Amino acid sequence: DGGITQSPKYLFRKEGQNVTLSCEQNLNHDAMYWYRQDPGQGLRLIYYSQIVNDFQKGDIAEGYSVSREKKESFPLTVTSAQKNPTAFYLCASSRDSFQETQYFGPGTRLLVL
Amino acid sequence: GEDVEQSLFLSVREGDSSVINCTYTDSSSTYLYWYKQEPGAGLQLLTYIFSNMDMKQDQRLTVLLNKKDKHLSLRIADTQTGDSAIYFCASSSPGAAGNKLTFGGGTRVLVKP
């Protein structure tokens, strides 16, 4: 089956800890995206990557970092600098960054202990 | 910056039609999307419309676009209990680094039997 997978489904973070959220796609898409969703709000763009080994900051990149070493993988690290990390994180991909349709993974819910 | 607005909540009886409305500010929007999100899940692409169209029909879904007023609507005919979800409108705008999606805050649709 082609699609986007995210893991884990739930993640708990302790104070001062960095955590990494996984996103994998087997759609052969060039572009990948990370969004944050807070209750009752729309999605806000954290980072995006148009191609392997390249990524750009989105609207709310502070306290987050990403890498894009492989086409199919775009992991997101929530660092200790992110003071309010509790949210639902959604990964998406599109054929390229100029082909608008983005397809989403099932999401990871991050909770702070 | 770009803004996309939606009403927060819609209640509808099973079998009736639902109409979800959305307004956007960016006149350079190229595509407009409707996504559906069920509880605890990612976003599912429902349909989209290109900005030079004024209507698109896909089975029970009808999208109407008034580009002059920057108003988009999604009509769901014969609404079913499985249509209960949050519906997000999103606009796509061209930029130097590809297209960027701007999401509305979502409309929660509750279908009553």
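Each chain gets a letter, A, B and so on, in the order the sequences are listed, and its residues count up from 1. Only a predicted model underlies this, so the values are computations on that prediction, with no experimental measurement involved.
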Under 4.5 Å from any heavy atom of chain B - which part of [X]:
X: A:Gln37; answer: side chain
X: A:Asp38; answer: neither
X: A:Leu43; answer: both

### Message
With a 4.5 angstrom heavy-atom cut-off, is it the side chain or the backbone of B:Leu45 that approaches chain A, or both, or neither?
### Response
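Only the side chain of B:Leu45 comes within 4.5 Å of chain A.
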### Query
Given the rule in the side chain to side chain contact (heavy atoms under 4.5 Å, CB included) test, do B:Leu43 and A:Tyr35 qualify, once you have shown the distances and angles that lead to the verdict?
CA-CA 11 Å; B:Leu43 271 65; A:Tyr35 292 91; over 6 Å; no
### Task
Tell me, yes or no, whether the heavy-atom count around A:Arg13 atom CZ, taken from other residues, nucleotides or ligands under 6.0 Å, exceeds 12.
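Enclosed.
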Hydrophobic clusters here meaning ILVMFWY residues chained together by side-chain heavy-atom distances under 4.5 Å, can you tell me if [X] and [Y] are in one?
X: A:Leu21; Y: A:Ile60; value: yes
X: B:Trp34; Y: B:Phe50; value: yes
X: A:Phe104; Y: A:Leu110; value: no
X: B:Leu61; Y: B:Ile20; value: yes
X: B:Leu64; Y: B:Phe88; value: no

### Query
Where is the tightest heavy-atom contact between A:Thr101 and B:Tyr33, given as atom of each residue plus distance?
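So the minimum-distance heavy-atom pair works out to N-OH, 3.1 Å.
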### Task
Write down the atom of B:Gln37, the atom of A:Phe88, and the distance for their closest heavy-atom approach.
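Shortest heavy-atom separation between B:Gln37 and A:Phe88 comes out as NE2-CE2, 3.6 Å.
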### Query
Among A:Pro106, A:Cys91, A:Gly107, who wins on heavy-atom pairs under 4.5 Å with chain B?
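The option with the most such pairs is A:Pro106.
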### Gap between atom CZ of B:Phe103 and atom CG of A:Leu45 - 0.5 Å precision
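Reported value, rounded in 0.5 Å steps: 9.0 Å.
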